[in-house]
Engineer: 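I am attaching a structure below and will ask some questions about it afterwards.
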Amino acid sequence: MTHSTSQLFALVDVNNFYVSCERVFNPKLQNRAVVVLSNNDGCAVARSNEVKALGVKMGTPWFQMQDLARKHKIIALSSNYTLYGDMSNRVMTILRDYSPHVEVYSIDESFVSLNGMRGMWDSHSVMGQDIRQRVLQWTGLPVCVGIAPSKTLSKLANHLAKKKPEFNGVCDLTALCESETRTYFSSLDVGEVWGIGRRISERLRNMGIDTVQALRDTSPKDLRQHFGVVMERTVNELNGVSCLSLDEVSPAKKQIISSRSFGTLVTTYKELREAVSTYMLTAAEKLRQQDSICSAVHVFIHTNRFREQDAQYSNGMTVPLTEATNDTRRLIAAALYGLKRIYQPGYLYKKAGVMLLDLTPASVRQASLFRGFDDRSDKVMQVMDSLNESNGRNTIYLASAGIQHKWAALFESKTPCYTTRWEDVPKAR
DNA sequence: TCTGGGGTCCTAGGACCC
DNA sequence: TCTGGGGTCCTAGGACCC
């Protein structure tokens, strides 16, 4: 890269994260074709390299790949989010040993700032290899590292580190000369660029811009006319001008969603009420965890759009709260108020969900005009949360959430919580 | 039979105001 | 013939991400 800059980022990303987590605890999965399925065992959300090589795309419904699965002995596992979350924390902790400035971007990847670290290592690649080796040794997970002067470029470098064997898992774009970079970028589809999705890459291709290099060679100002500021920033980033900074502290969520597809189709109001109440337990807990209150609740339900023979219905309702709260009981009451108004009998419902909107910090809550602060509410919620934390989920909940949950999603091939439940910790023999 | 879930940001357009 | 125009706020929807 010819562009000089004071910024330097490493993007560290776990390969095939969910599958790799499963392999750590079940070595028989090594070198086998493995997928991890989404909720309800619906779609493949993680694929081993063997499965990717078969051409299976991200999000392919499991039932659609049955033939392929039989033929190639693909192993399908239900997702085990508790395990993945714990493994993720372990990786991120290791990364913080390398740099004080880490942005955890998603469950399986982090941006690490390398600013001011020149001289601490023989080269950035040496450091990258050290990261790979240590993460593998301490967690059993394989990672790749991409190093570049902007976030967007570090994502591409990471992509090259994964795809091109000559990099051996670490690609430092600053170590390449311009002509090498051009060659690599000319071989990459424009859709590989972070922020260029399906729609935009289609439009770009129609304009004759079909590789990363072609996009990089286009004037950012011109592209802004067609695509807006985000595109302009992306092209600048591709040219080594860092426009996106490291966000080390994750800001509080602006909305919280909890929704699930049902394991079976649901018709009655009673079952929907149970589901909506159950989802709200989760959402409200998250709300309190980030110390926020919310002043509006959205509830939605819909039928299965893939079953074209069925009558379709989809509706949602936003219910404003007279007073911002994080009390599960009030939030459930609001959601059920909305549900009662949108529920129509006679449909086969597939999914329901709740959203908490207009979130604000609990610390700036205004006293209710009529009742003052509701200390009792806070205390009840604290007791509920601490019981559920120490004694396991759903130790205590509200009656409207019901008990049977015949509608609950299926997880037929879920692996044990190896790292977070004592009963599930692997035993050495 | 069987098709995920949880987020963010930006923009266009309508409502409303002066 | 031809009936203002500009600013702000809000929301819905699009597009993207993992």
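So you know, we letter chains A, B, ... as the sequences are listed, proteins then strands, and number each from 1. Note that these values count all heavy atoms, side chains included, but never hydrogens, waters or copies made by symmetry.
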Engineer: What pattern of brackets, bars and dots sums up DNA chain B from 5' to 3', given Watson-Crick or G-U wobble pairs under 3.5 Å, [ ] for crossing pairs and | for another strand?
Structural biologist: ....||||||||||||||
Engineer: Check whether A:Lys351 reaches the backbone of A:Ile301 with its side chain - one donor and one acceptor, N or O, closer than 3.5 Å.
Structural biologist: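 Flag not set: sc A:Lys351 to bb A:Ile301 has no pair under 3.5 Å.
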Engineer: Indicate yes or no: does A:Glu232 engage A:Lys221 in a salt bridge with an N to O separation below 4.0 Å.
Structural biologist: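 Counted as a salt bridge, because a side-chain N and a carboxylate O are separated by less than 4.0 Å.
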Engineer: Please identify each residue that fulfils side chain to side chain donor-acceptor pair (under 3.5 Å) with A:Lys155, with sequence neighbours left out.
Structural biologist: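 Counting only residues at least two positions away or on another chain, A:Lys155 forms a side chain to side chain donor-acceptor pair (under 3.5 Å) with A:Glu109.
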Engineer: Expressed in angstrom and rounded to an integer, what is the separation of A:Asn304 atom CG from B:dT3 atom P?
Structural biologist: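 Result: 6 Å.
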Engineer: Going through the checks in order, is the salt bridge (Lys or Arg N to Asp or Glu O under 4.0 Å) test met by A:Arg70 and A:Asp67?
Structural biologist: CA-CA 5 Å; A:Arg70 263 191 299 276; A:Asp67 290 344; 3.0 Å; yes
Engineer: Relative to A:Tyr98, does A:Arg96 satisfy both conditions: NZ or CZ under 6.0 angstrom from the six-membered ring centre, and within 45 degrees of the ring's axis?
Structural biologist: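 Pair A:Arg96/A:Tyr98 does not count as cation-pi.
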Engineer: What string of B, S and - do you get for nucleotides 4-9 of chain B 5' to 3' if you count protein non-hydrogen atoms under 4.0 Å?
Structural biologist: BSSSBS
Engineer: Among all residues two or more places apart in sequence or in another chain, which pass the side chain to side chain donor-acceptor pair (under 3.5 Å) test with A:Asn236?
Structural biologist: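 A:Asn236 satisfies side chain to side chain donor-acceptor pair (under 3.5 Å) with no residue once adjacent residues are dropped.
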Engineer: What I want to check is whether the side chains of A:Thr328 and A:Arg288 have a donor and an acceptor closer together than 3.5 Å.
Structural biologist: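 Yes, A:Arg288 and A:Thr328 have a side-chain donor paired with an acceptor closer than 3.5 Å.
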Engineer: Which letters describe nucleotides 11-18 of chain C, given B = protein heavy atom under 4.0 Å from base, S = only from sugar-phosphate, - = neither?
Structural biologist: ----SSSS
Engineer: I'd like to check the ring pair (Phe, Tyr, Trp, His ring centres under 6.0 Å) partners of A:Tyr347; sequence neighbours left out, ordered by chain and number.
Structural biologist: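 Checked A:Tyr347 against ring pair (Phe, Tyr, Trp, His ring centres under 6.0 Å); matches are A:Tyr313.
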Engineer: Using a cut-off of 4.0 Å on non-hydrogen atoms, how would the nucleic acid contact of A:Asp41 be classed: base, sugar-phosphate, or nothing?
Structural biologist: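 Nothing, no heavy atom under 4.0 Å.
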Engineer: For A:Val145 versus A:Gly128, what's the shortest heavy-atom pair and its separation?
Structural biologist: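 Of all heavy-atom pairs spanning A:Val145 and A:Gly128, the closest is CG2-O, 3.9 Å.
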Engineer: Salt-bridged, A:Arg305 to A:Asp310, with N to O below 4.0 Å?
Structural biologist: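 Not counted as a salt bridge, because no side-chain N and carboxylate O are separated by less than 4.0 Å.
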